[in-house]
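See structure below.
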Amino acid sequence: EKDASLPQYSLDLGDGYAFLRAKEKYGRKLENHAQAQVVSTYFLEREAEFGNFPDDDWDGLRVARWARLRLPNGQTARSKWKEDKMTTPNLRRACCVKTSPDKVDFAEVQFYFHGMINEERQPLALVSLFSEPDPALLQASYQTVYSVQKLAHGLCVINAKSIIAVIAVIPHNYQVNGDPEQRYFIWEKMGMDMALLTN
C-alpha cells in the first residue's frame, strides 16, 4: 500500500524510498550520446548475465526520466536533468548525493528511472561520480576536508536505493603539484560516518 504521506503522482519504491515528479510521460531515446551509451551498456551487460540478448531489430533503449527521489531520512534528492533548467538565482541545488552500502561514493545525479532487468523492475539512477578525496589534504586537515574532483569518465548507473543522503558540494581552489585545479568540498550534516571512506 502506498505511503499516505507521499504527494500525488509519486511512486512508492518501498523501504522509505519514492520517485517524485517531474516525470516524462513516455520513454524516449536519450539525446546525450554519453548518457545513452552508459545506460545501454548497463542494461546489455546486466541482461547478458541472465543469458538475455536483444533481438536483431532492437533499435535502442527508451527511458522515462524522474526528477526527484525521496530518501528514508526525509531528504529529497533532486537531479541535474531538472535543476539545470531552472533559472532562480538562489536555487538550492540538491542533486549531489552520498551512496552506500557496498562502497561510499559521492555523485551528482543526472536523472532517476526504472529499468527492467530479467523481467524484474528496478529503480535506478544515472550519476556522475566524484573522485576519491585528495589524500594529502585529508591528512593535513585531520580527516575533516574531503576535497574531490569531477571524474572525466564518471558516468554510471546505480540502484536508486543505494543513495542514502543529500550532500553539499562546494567549489574551492586547491593546488596539486603546484597547479591550481577546480575541486569541490563535500559537506553533510551527519559527517561522522565519512570516516567510512578511509576504511
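Each residue takes its place number in the sequence, starting with 1.
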**Request:** Check the pair R65, E31 against salt bridge (Lys or Arg N to Asp or Glu O under 4.0 Å), reporting the backbone distance first and the verdict last.
**Result:** CA-CA 12 Å; R65 293 173 289 189; E31 296 179 356; over 6 Å; no
**Request:** Kindly indicate, with the supporting measurements, whether the criterion side chain to side chain contact (heavy atoms under 4.5 Å, CB included) is fulfilled by N118 and E47.
**Result:** CA-CA 6 Å; N118 198 36; E47 288 285 17; 4.3 Å; yes
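Here the CG-OG1 distance, from L138 to T144, works out to 7.5 Å after rounding to the nearest 0.5 Å. Considering SG of C156 and CG of D105, their distance stands at 7.5 Å, rounded to 0.5 Å. To the nearest 0.5 angstrom, T99 atom OG1 is 7.5 Å from L129 atom CG. Taken to the nearest 0.5 Å, the NZ atom of K98 stands 10.5 Å off from the CD1 atom of I186. Taken to the nearest 0.5 Å, the CG atom of N32 stands 10.5 Å off from the CD atom of Q37. In this structure, L11 CG and H114 NE2 are separated by 5.0 Å, a value rounded to the nearest 0.5 Å.
Between the side chain of Q122 and the backbone N or O of G115 there is no donor-acceptor pair closer than 3.5 Å. Checked by atom type and distance alone, the side chain of N159 pairs as donor or acceptor with a backbone atom of K161 at under 3.5 Å. E108 places no side-chain N or O within donor-acceptor distance of the main-chain N or O of V127, the cut-off being under 3.5 Å. At least one donor-acceptor pair closer than 3.5 Å links the side chain of K29 to the backbone N or O of D59. No donor-acceptor pair closer than 3.5 Å links the side chain of S131 to the backbone N or O of V148. Formation of a donor-acceptor pair under 3.5 Å by the R68 side chain with backbone atoms of R21 is found in this model.
Inspection of the R183 and S147 side chains reveals an N or O donor paired with an N or O acceptor under 3.5 Å. N73 and Q75 are linked by a side-chain donor-acceptor pair at a separation below 3.5 angstrom, with hydrogens and angles left out of the test.
Here the closest non-hydrogen pair linking S79 and A67 is OG-O, 2.9 Å. Taking both residues in full, the closest heavy atoms of A160 and Y17 are given as O-CE2, 3.8 Å, listed atom of the first, atom of the second, then distance. Taking all atoms of both residues into account, the shortest heavy-atom contact from Q139 to Q143 is CA-NE2, 4.0 Å. L13 approaches P123 most closely through the heavy-atom pair CD1-CB, 3.8 Å. Across all non-hydrogen atoms, the minimal contact from L69 to I163 is CD2-CD1, 4.0 Å.
The aromatic rings of F19 and Y112 lie tilted to each other, with the angle between the two planes from 30° to 60°.
Under a 4.5 Å side-chain heavy-atom cut-off, the cluster of Ile, Leu, Val, Met, Phe, Trp and Tyr residues that includes V63 is completed by L30, V38, V39, Y42, F43, L44, F50, W58, L61, W81, F111, F113, I117, L124, L126, L155, V157.
Under a cut-off of 6.0 angstrom, the local environment of CD in E119 is sparse, with at most 12 non-hydrogen atoms contributed by other residues, nucleotides or ligands. With a 6.0 Å radius and a threshold of 12 heavy atoms from other residues, nucleotides or ligands, R62 has its CZ atom above the threshold.
Screening F106, F185, F130, W187 against V169 for a side chain to side chain contact (heavy atoms under 4.5 Å, CB included) leaves a single residue, F130.
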